[in-house]
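Working notes, structure below.
Positions are given from 1 along the sequence.
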Amino acid sequence: MQQKVRFQIEGMTCQACASRIEKVLNKKDFVESAGVNFASEEAQVTFDDSKTSAADIAKIIEKTGYGAKEKTEDALPQPEEAAHVSWRLWLLLAINIPFLIGMAGMMIGRHDWMIPPVWQFVLASIVQLWLAIPFYKSAWASIKGGLANMDVLVTIGTVSIYLYSVYMLFFSPHAAHGMAHVYFEVGVMVIGFVSLGKFLEHRTKKSSLNSLGLLLKLTPTQVNVQREGEWKQLPIDQVQIGDLIRANHGERIAADGIIESGSGWADESHLTGESNPEEKKAGGKVLAGALMTEGSVVYRATQLGSQTLLGDMMNALSEAQGSKAPIARVADKAAAVFVPTVVGIALLTFIVTWLIKGDWTVALMHAVAVLVIACPCALGLATPAAIMVGMGKAVKHGIWFKDAAAMEEAAHVDAVVLDKTGTLTEGRPQVAAVYCVPDSGFDEDALYRIAAAVEQNAAHPLARAIVSAAQARGLDIPAAQNPQTVVGAGITAEVEGVGLVKAGKAEFAELTLPKFSDGVWDIASIVAVSVDNKPIGAFALADALKADTAEAIGRLKKHGIDVYIMSGDNQGTVEYVAKQLGIAHAFGNMSPRDKAAEVQKLKAAGKTVAMVGDGINDAPALAAANVSFAMKGGADVAEHTASATLMQHSVNQLADALLVSQATLKNIKQNLFFAFFYNILGIPLAALGFLNPVIAGAAMAASSVSVLSNALRLKRVKIE
């Protein structure tokens with residue numbers, strides 16, 4: 001049986017490390033797929049649990065030189081510890097200060113500012129023989145694993161320049177005359193700059209990129225719980241299901257629950273993306289993380305921790321951020337050959353420069369500059385950094401993408417297929433007119449009673465409307481036996497004392513409606529009823545458009561996205577709604593198979609199709625589309641099939657999802673361009689001697705931070 005497991009990876013220093021772990025895992029016959037995200041430092045592995053276990057896979061990862069800790073779904077993602085400057089980095093920066101002063105002096109002709117060569121040797125030795133040990137360990141583990149990483153480049157470059165300077169200071173013919181040219185500052189400053197760059201990169205990845213920290217803050221650490229008839233303030237981890245909890249004005253809800261007493265207003269925008277507070281009163285639901293903006297409530301906890309909607313969202317976001325987008329393969333392929341290629345270019349630079357210049361010192365400096373200017377980290381971070389920020393932005397808008405691939409595909413969408421009921425409309429239709437077949441022997445009340453008896457076994461909004469209308473009339477609704485749903489047509493059941501009742505489309509109940517003077521029959525949804533295959537009447541149900549539907553359609557069209565309505569309702573109703581919204585493509589009387597077939601036609605015509613739906617009948621079309629969106633709270637099969645979930649039942653949220661995806665993909669392309677351009681430009685400049693190793697090291701450290709900074713711009717992008 002296939003099982004999916006996630007690991008937090010420790011010890012990766014660049015994309016080459018992630019590629020190495022992927023390569024090792026994907027070679028195993030019991031691993032179906034393995035992906036490692038350098039930005040989130042996470043591995044996602046799908047494997048055959050009859051052949052191995054998660055613990056064994058963790059050991060495989062550890063053998064490649066990295067730590068692996070399994071992440072469980074039952075536990076909430078843990079808050080990241082704040083990144084602090086280590087004593088090692090502080091000492092490195094302190095040792096760099098005299099060298100920085102000396103280099104500044106040389107730039108203005110004051111060579112006496114540089115400390116004496118012997119002291120340069122002492123400080124450089126502290127760095128190379130002690131503080132740089134983590135670089136050596138990482139480089140050796142990488143080489144031993146069969147794939148060189150960034151630390152290999154840094155190690156080769158800095159050790160080479162250190163050994164050269166030692167030779168020149170103590171063993172060269174010029175040493176006795178004090179004329180030796182040493183470059184101890186190069187190794188010290190490269191190690192210092194790269195270490196500082198790694199720290200800034202790590203801090204950005206752990207804090208700014210990831211939205212989980214902000215979500216974790218939504219759960220209070222202390223709550224007021226009733227125990228033994230008294231209110232006590234307890235830590236959140238001591239709360240149990242069934243406990244009564246009090247939340248006052250300005251406090252956050254600690255668990256999903258049912259309100260026992262009190263009333264107020266709660267802001268649930270962290271889950272829905274909708275900033276309007278919801279009224280809360282006895283019998284209603286509260287959701288973990290919601291902020292009580294007014295009033296006070298006492299609620300009984302029904303779900304805690306990862307089982308709450310907030311916990312589910314956090315786990316979904318964590319998994320989605322750790323997944324890899326298809327576009328990342330470009331950087332992965334480049335990173336896999338990057339370090340060996342750079343080493344080859346550095347060696348070639350050394351040979352060619354020595355032959356041309358006749359000075360092996362100059363040749364060495366050029367080669368070292370090539371080694372330290374190259375940066376596979378920028379390539380590795382380009383895609384996942386933007387994905388992490390984009391996923392967080394989507395969640396803030398109430399959109400849960402299942403993985404990075406879905407977000408990337410959503411960015412290409414140019415055609416949207418919408419169901420009508422519950423998507424474009426309120427999904428709460430009301431009976432607008434009733435027709436009883438003459439001489440059928442059933443009056444209006446009887447028609448209501450019989451139809452409601454069958455429809456109370458269905459979940460469709462039209463069915464609920466008929467049942468509600470019958471109850472509002474105060475009618476006794478009889479029981480129905482053996483209900484059976486005919487997908488896309490209607491429902492049948494045996495009603496005691498009546499017979500076999502069918503309720504659904506007119507043709508399903510074998511009813512031919514007469515021409516009505518009341519125009520509502522031309523645009524309403526029709527539910528016809530028959531008894532023992534003899535039609536007895538029909539209901540016309542009208543459903544109002546959602547308040548923001550017209551605005552949402554306008555936004556989609558503004559961005560060049562074609563909109564299609566595909567509904568099981570009659571063609572007249574669908575065309576009427578389409579005309580109200582200015583939609584040119586409207587299809588009615590469609591079965592689930594018809595919807596899926598039409599989606600396939602659009603794809604065959606070259607369209608990238610997004611499907612939106614919330615019912616069981618939408619599942620085939622959701623599966624057929626390039627990317628699909630289900631409404632939260634709709635049918636489970638629709639949510640399971642869809643690529644993403646919309647927390648609000650709003651097409652506006654769909655527009656948000658597509659636009660966030662477009663902005664994210666644009667950011668990824670910018671990052672990839674910068675990363676490739678940086679290396680394509682930097683390596684030749686270093687090889688030709690236009691960049692000395694110190695400047696190259698600083699530039700390499702800055703490149704990753706620049707990519708991360710560009711990714712963070714996504715947080716400020718306006719979605720209109």
Side-chain angles (χ1 to χ4, degrees), residues 1-12 14-49 51-64 66-78 80 147 205-206 209-212 306 311-333 335-336 380-392 394-395 400-409 640 643-645 664 668:
M1 181 178 174
Q2 297 295 330
Q3 183 178 334
K4 186 174 183 179
V5 65
R6 297 158 58 206
F7 297 97
Q8 191 67 40
I9 306 298
E10 297 177 355
M12 292 193 297
C14 73
Q15 179 58 36
C17 300
S19 299
R20 169 62 186 159
I21 299 171
E22 278 187 11
K23 184 178 178 181
V24 170
L25 291 175
N26 283 315
K27 279 185 176 179
K28 305 298 181 182
D29 59 358
F30 47 76
V31 173
E32 180 181 328
S33 65
V36 182
N37 187 318
F38 174 51
S40 64
E41 298 180 355
E42 181 176 307
Q44 297 190 8
V45 186
T46 302
F47 64 97
D48 186 343
D49 62 3
K51 297 181 179 179
T52 190
S53 66
D56 290 335
I57 291 176
K59 290 178 182 177
I60 294 171
I61 296 173
E62 288 166 0
K63 284 181 180 178
T64 64
Y66 307 95
K69 182 179 179 182
E70 184 179 354
K71 302 177 78 170
T72 60
E73 295 297 328
D74 292 335
L76 285 175
Q78 294 301 305
E80 298 285 356
L147 192 65
K205 288 195 299 182
K206 292 297 184 184
L209 285 186
N210 204 328
S211 300
L212 287 173
S306 64
D312 184 37
M313 179 176 71
M314 290 167 63
N315 279 319
L317 176 60
S318 178
E319 183 170 353
Q321 286 185 329
S323 64
K324 298 186 74 171
I327 196 172
R329 297 189 190 116
V330 176
D332 289 351
K333 290 178 180 178
L381 289 168
T383 298
I387 287 292
M388 289 180 73
V389 178
M391 288 284 186
V395 163
W400 300 7
F401 281 100
K402 282 188 177 177
D403 51 41
M407 174 173 264
E408 181 182 335
E409 190 70 8
H640 179 75
S643 312
T645 301
T664 302
I668 289 172

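Of all non-hydrogen atoms in A405 and P326, the two that sit nearest each other are CA-CD, 3.6 Å. Minimum heavy-atom separation, A404 to I387: CB-CG2, 3.8 Å. Across G67 and I61, no two heavy atoms sit closer than the pair O-CG2, 4.5 Å. The two atoms that bring A394 and M407 nearest to each other are CB-CE, 4.2 Å, heavy atoms only. Counting all heavy atoms, side chain and backbone alike, A54 lies closest to E70 at CB-OE1, 3.7 Å. The nearest pair of heavy atoms linking I9 to A68 is CD1-CB, 4.2 Å.
For NZ of K28, the number of neighbouring non-hydrogen atoms (other residues, nucleotides, ligands) closer than 6.0 Å is 12 at most.
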Exercise for the section: Test side-chain contact (heavy atoms from CB on, under 4.5 Å) on V36 and M12 and set out the steps. Expected result: CA-CA 10 Å; V36 182; M12 292 193 297; 3.7 Å; yes
Exercise for the section: Tell me, with the steps shown, if R6 and E42 meet salt bridge (charged side-chain N to carboxylate O under 4.0 Å, His left out). Expected result: CA-CA 7 Å; R6 297 158 58 206; E42 181 176 307; 3.0 Å; yes
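For the pair D48 (side chain) and F30 (backbone), a donor-acceptor distance under 3.5 Å is absent. Here the side chain of Q8 pairs no donor or acceptor atom with the backbone of K69 at under 3.5 angstrom. Side-chain N or O atoms of E408 include one that pairs as donor or acceptor with a backbone N or O of I327 at under 3.5 Å.
Scanning for salt bridge (charged side-chain N to carboxylate O under 4.0 Å, His left out) contacts around K51 gives an empty result, with sequence neighbours left out. Qualifying side chain to side chain donor-acceptor pair (under 3.5 Å) partners for D49, counting only residues two or more places apart in sequence or in other chains: none. Residues meeting the side chain to side chain donor-acceptor pair (under 3.5 Å) test with S53, sequence neighbours left out: D56. K4 pairs by the side chain to side chain donor-acceptor pair (under 3.5 Å) definition with Q44, E319, not counting sequence neighbours. For A644, the side chain to side chain contact (heavy atoms under 4.5 Å, CB included) partners two or more places apart in sequence, or in a different chain, are F401, F629.
Looking at I668 and T664, their side chains come closer than 4.5 Å, going by heavy atoms from C-beta outward. Two residues are said to be in side-chain contact when any heavy atoms from C-beta on lie closer than 4.5 Å; E41 and E10 fail this criterion.
To the nearest 0.5 angstrom, I57 atom CD1 is 12.0 Å from E62 atom CD. Here CG of L25 is found 10.0 Å from OG of S33. Values are rounded to the nearest 0.5 Å. Note that the NZ atom of K27 and the NZ atom of K23 stand 4.5 Å from one another [nearest 0.5 Å].
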